[in-house]
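Just so you know, residue 1 is the first one in the sequence shown, and it goes up from there.
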Amino acid sequence: VTDASGNSSTSSMTVTVTDAQAPVVAAASNVAVNTDAGQCTALVTITNATYSDNCSGATLSYVMSGATVKASTAGQVGTYTFNKGVTTITYTATDASSNTTTSSMTVTVTDAQAPAVAAASNVAVNTDAGQCTALVSITNATYSDNCSATLSYVMSGATVKASTSGQVGSYTFNKGVTTITYTATDAAN
């Protein structure tokens, strides 16, 4: 302020505008897929999350938890190999004023692939001397799965045995025809 005699005085003030508005972030829709053939995982392309802010300079990061774990990483997921089970992807948008917002999605990978099992070749033997039975060593069945599996078997016909886990090994069979039925079962049943 200056008066008619040329005397002046000044006084100042500041106007501070603070960005208190959090950014906006939206994860893509949840994803459900089967494991890749022969794998206990699935290679999945994740649709990009969208994010925006009223000011410029917002950044995006994500973390994965659950079946697949990944520490905080900047940017988008893109294409990634997920383990069987449910993985949660949590996105965080952070603006230049350190305001944050999160949004989450899930990736569910299901094992829909049945295990494979193959019994050994058929066996034909005579009864043991003085017996109406035969002690027979059965060659192990082979089995595999893209994740993991267990093996069980039942015997029916001339020799009956309830469901038992593992391989037959050596067993005393009654005279006649016995059928051994193997079942490989994975964690997804």
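- In plain terms, the two heavy atoms of Val168 and Ile138 that are nearest each other are CG1-CG1, 3.8 Å.
- The closest side-chain donor-acceptor pair between Thr150 and Thr185, if any, does not fall under 3.5 angstrom.
- A distance of 8.5 Å separates CG in Asn7 from OG1 in Thr2, rounded to the nearest 0.5 Å.
- To the nearest 0.5 Å, the span separating CD on Gln167 from CG on Leu151 amounts to 5.0 Å.
- One finds the CG atom of Leu60 at 11.0 Å from the OG1 atom of Thr101 (value rounded to the nearest 0.5 Å).
- The closest donor-acceptor contact from the side chain of Asn48 to the backbone of Gln76 lies at 3.5 Å or more, if one exists at all.
- Across every non-hydrogen atom of Thr47 and Tyr91, the tightest pair is O-OH, 4.3 Å.
- In the hydrophobic cluster analysis, where Ile, Leu, Val, Met, Phe, Trp and Tyr join through side-chain heavy atoms closer than 4.5 angstrom, Val77 is grouped apart from Val69.
- For the 3.5 Å distance criterion, the side chains of Thr79 and Thr45 qualify, holding a donor opposite an acceptor.
- The hydrophobic clustering, which links ILVMFWY residues whose side-chain heavy atoms are closer than 4.5 Å, places Met13 and Val1 apart.
- Nearest approach of Ala141 to Ala119, heavy atoms of both residues: CB-CA, 4.1 Å.
- In Lys175, the NZ atom is not crowded: 12 or fewer heavy atoms of neighbouring residues, nucleotides or ligands sit closer than 6.0 Å.
- Between Asn83 atom CG and Thr41 atom OG1 the span is 7.0 Å, to the nearest 0.5 Å.
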task: Let me see the working for Cys147 and Asp186 under side-chain contact (heavy atoms from CB on, under 4.5 Å), right down to the final yes or no.
output: CA-CA 7 Å; Cys147 292; Asp186 67 14; 5.6 Å; no
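- Using a distance-only test at 3.5 Å, with no hydrogens or angles considered, a donor-acceptor pair links the side chain of Thr164 to the main chain of Ala162.
- Annotation: the span from Ser97 atom OG to Asp53 atom CG amounts to 8.0 Å, rounded to 0.5 Å.
- With hydrogens and angles disregarded, no donor-acceptor distance shorter than 3.5 Å links the side chain of Thr92 to the backbone of Ser61.
- Here the side chain of Thr106 pairs no donor or acceptor atom with the backbone of Val86 at under 3.5 angstrom.
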query: Under the side-chain contact (heavy atoms from CB on, under 4.5 Å) criterion, do Tyr62 and Ile46 qualify, and how do the steps go?
result: CA-CA 12 Å; Tyr62 66 90; Ile46 302 298; over 6 Å; no
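- Side-chain contact annotation: Thr94 with Thr100, donor-acceptor N/O pair under 3.5 Å absent.
- Scanning all heavy atoms of the two residues, the minimum distance from Ala149 to Pro115 falls at CB-CB, 4.1 Å.
- Note on Ile180: it does not cluster hydrophobically with Val154, by side-chain heavy-atom contacts below 4.5 Å among ILVMFWY residues.
- In this structure, Met64 CE and Thr73 OG1 are separated by 7.5 Å, a value rounded to the nearest 0.5 Å.
- Looking at Thr87, its side chain does come within 3.5 Å of a backbone N or O of Thr68 through a donor-acceptor pair.
- For CG of Asp3, the number of neighbouring non-hydrogen atoms (other residues, nucleotides, ligands) closer than 6.0 Å is greater than 12.
- In terms of heavy atoms, Ala42 sits closest to Val33 at CB-CG2, 3.8 Å.
- Closest approach of Ala27 and Ser103 over heavy atoms only: N-OG, 3.0 Å.
- Checking side-chain atoms of Asn99 against main-chain N and O of Asp19 turns up a donor-acceptor pair under 3.5 Å.
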